[in-house]
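One structure is given here, and the rest of the page talks about it.
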Protein chains: 2
Amino acid sequence: MSTRKFCLAVLFCHDATGYEIRRIAGEGRFAFITEAGYGSIYPCLSKLESEGLVTVSEEFAPSKPPKKIYSITNIGKEAFVNELMELPAHDTFRSPFLLVSLFAQYLDADFIARAIDAREAYLRDKLSELRAQATECCNPASQWTMEYGITTLTASLEYLQKHRSRLEEIAREASSQPQAAE
Amino acid sequence: MSTRKFCLAVLFCHDATGYEIRRIAGEGRFAFITEAGYGSIYPCLSKLESEGLVTVSEEFAPSKPPKKIYSITNIGKEAFVNELMELPAHDTFRSPFLLVSLFAQYLDADFIARAIDAREAYLRDKLSELRAQATECCNPASQWTMEYGITTLTASLEYLQKHRSRLEEIAREASSQPQAAE
DNA sequence: GCTCACATGTAATAAGTTACATGATTTC
DNA sequence: GAAATCATGTAACTTATTACATGTGAGC
């Protein structure tokens, strides 16, 4: 149901094609909603249309692929707001990296260093993207939400930078001695 | 594949039944791995057994339901470590609450206040549970990982406490005036 | 000439969630 | 006596992911 809400959320703000909705997924103010691909978005838009929550208008530009521009209807807006008005489920936060860190002592030190590097780079990218979008944006609720994201990502990046050496050491120490299961 | 890794991770540390694995899901050092239910765990354990990564021993205590205690095999340990030794995928963080905050201006102020209250309570609970587990635990990698979680949850809770009034005001202001779409 | 961005979609597969089905023991 | 905890599992359903399939135009 999360792709559904995401599509409605985007269309609530402005008309868009499936392609555009896909591009927005996981970025800016939608960073923490979903990262749906085409395979979820296109079928979802068709379903929303059949339910009357959105309408489509096709645009045939000469010598360009035809576009389907989706708009949310009043019924769609109402449905969306109603769906939001239930106490939101709690966050799902899943981190394959934290599974790696949990078993750092059984993995090699080089690998751990590379995994940390990759994570640091990723967090930095996400952060700069979010910061850029946040300064551009003038809607107060969007700004509040993006600042929330910036705050938590910053905390995450700072922890990683401050404490990465400790994790790297755990991996180094373990690989230099015979290992025993915990 | 995440339930699979989670089961192997738990069994890497100690033997357990499906029921126990379920209880550990989403708690302590496994807080950020998965929150799988019985419906994922039991079939997963059967599959791991058929692959030879774990073994089962049944325990028939008189006047108690029979238990199936799973143990990881050497092949299982090896497979697990090998699966971890690929650069971890990036985190997935999905927050239904942040979708609500994004549209705060269209929702009623009371509802926003309740949603924030619920989130604050949830974060506080998660944090105290994690802190309790972190002090009990003496494995350095587990501790590093839990402190990571504590750091980000703390940042999240602090943001919410400091800035909740701004979000509440957005909802209040909007409901007192005629609304226009963004 | 090649690759990237634009643009839409389907089909097969994998995975997870929910509800169902059962039953003993312990705690209030 | 009721509710919660321990304990296992299946079946149906929903959802998301991946790969496939196709085609144009712009920039290098």
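We name chains A, B, ... by the order of the sequence lines, and we start the count at 1 in each one. Heavy-atom basis, side chains included; hydrogens, waters and symmetry copies ignored.
Note that CG of A/Leu53 and CG of A/Leu45 are 11.0 Å apart. Values are rounded to the nearest 0.5 Å.
Using a 4.0 Å cut-off, some side-chain N or O of A/Thr17 falls inside it from OP1 or OP2 of C/dT8. The shortest distance between the side-chain N/O atoms of A/Tyr19 and the OP1/OP2 oxygens of C/dC6 is below 4.0 Å. For the pair A/Lys67 and C/dA7, the criterion of a side-chain N or O lying under 4.0 Å from OP1 or OP2 is met. Taking only side-chain nitrogens and oxygens, B/Arg22 never comes nearer than 4.0 Å to OP1 or OP2 of D/dC6.
Here D/dT15 presents its P atom at 11 Å from NZ of A/Lys5, a figure rounded to the nearest Å. Regarding B/Phe6, its CZ atom lies at a distance of 17 Å from the P atom of C/dA15, rounded to whole Å. For the pair A/Arg4 CZ and D/dT14 P, the computed distance is 13 Å after rounding to whole Å. When rounded to the nearest whole Å, the span between CD of A/Glu58 and C1' of C/dA7 equals 12 Å. One can place CG of A/Asp15 at 14 Å from P of C/dA7, the figure rounded to the nearest angstrom. Straight-line distance from the CD1 atom of B/Ile33 to the P atom of C/dA15: 17 Å, rounded to whole Å. Distance B/Glu35 CD to C/dT17 C1': 13 Å, rounded to the nearest Å. The interatomic distance linking B/Ile21 (CD1) with D/dC6 (C1') rounds to 15 Å, in whole Å.
Checking B/Tyr70 against A/Ala36, the closest nucleotide of DNA chain D that is more toward the 5' end is the one next to B/Tyr70.
Below 30°, between 30° and 60°, or above 60°: for A/Phe103 and A/Tyr106 the angle between ring planes is between 30° and 60°, a tilted geometry.
Of the residues in residues 39-52 of chain B, B/Gly39, B/Ser40 come within less than 4.0 Å of DNA chain C through at least one heavy atom, sorted by number.
The pair B/Glu120-B/Arg164 meets the salt-bridge criterion, since a charged nitrogen lies less than 4.0 angstrom from a carboxylate oxygen. Salt bridge absent: A/Asp91 and B/Lys126 never bring a charged side-chain N and a carboxylate O closer than 4.0 Å. One finds no salt bridge joining A/Asp108 and A/Arg114 here, because no Lys/Arg side-chain nitrogen approaches an Asp/Glu carboxylate oxygen to under 4.0 Å. Between A/Glu27 and A/Arg23 there is no salt bridge, since none of the side-chain N atoms of the basic residue sits less than 4.0 Å from a carboxylate O of the acidic one. With respect to B/Arg166 and A/Glu147, a salt bridge is recorded, a charged nitrogen being found less than 4.0 Å from a carboxylate O. Using a cut-off of 4.0 Å between Lys/Arg side-chain N and Asp/Glu carboxylate O, B/Arg4 and B/Glu51 are scored as salt-bridged.
Taking the side chain of B/Ser2 as heavy atoms from C-beta on, and the options C/dC6, D/dA7, C/dG16, the nearest nucleotide is C/dG16.
The residue B/Arg23 sits close only to the backbone: its heavy atoms come under 4.0 Å of sugar-phosphate atoms, none of a base.
For the residue pair B/Ser101 / A/Thr145, a side-chain donor-acceptor distance below 3.5 Å is found, with atom types taken as modelled. Residues A/Thr152 and B/Ser156 have side chains that never bring a donor and an acceptor to within less than 3.5 angstrom of each other.
An angle of 40°, rounded to 10°, separates the two end axes of the helix from C/dG1-D/dC28 to C/dC28-D/dG1, each defined over five pairs.
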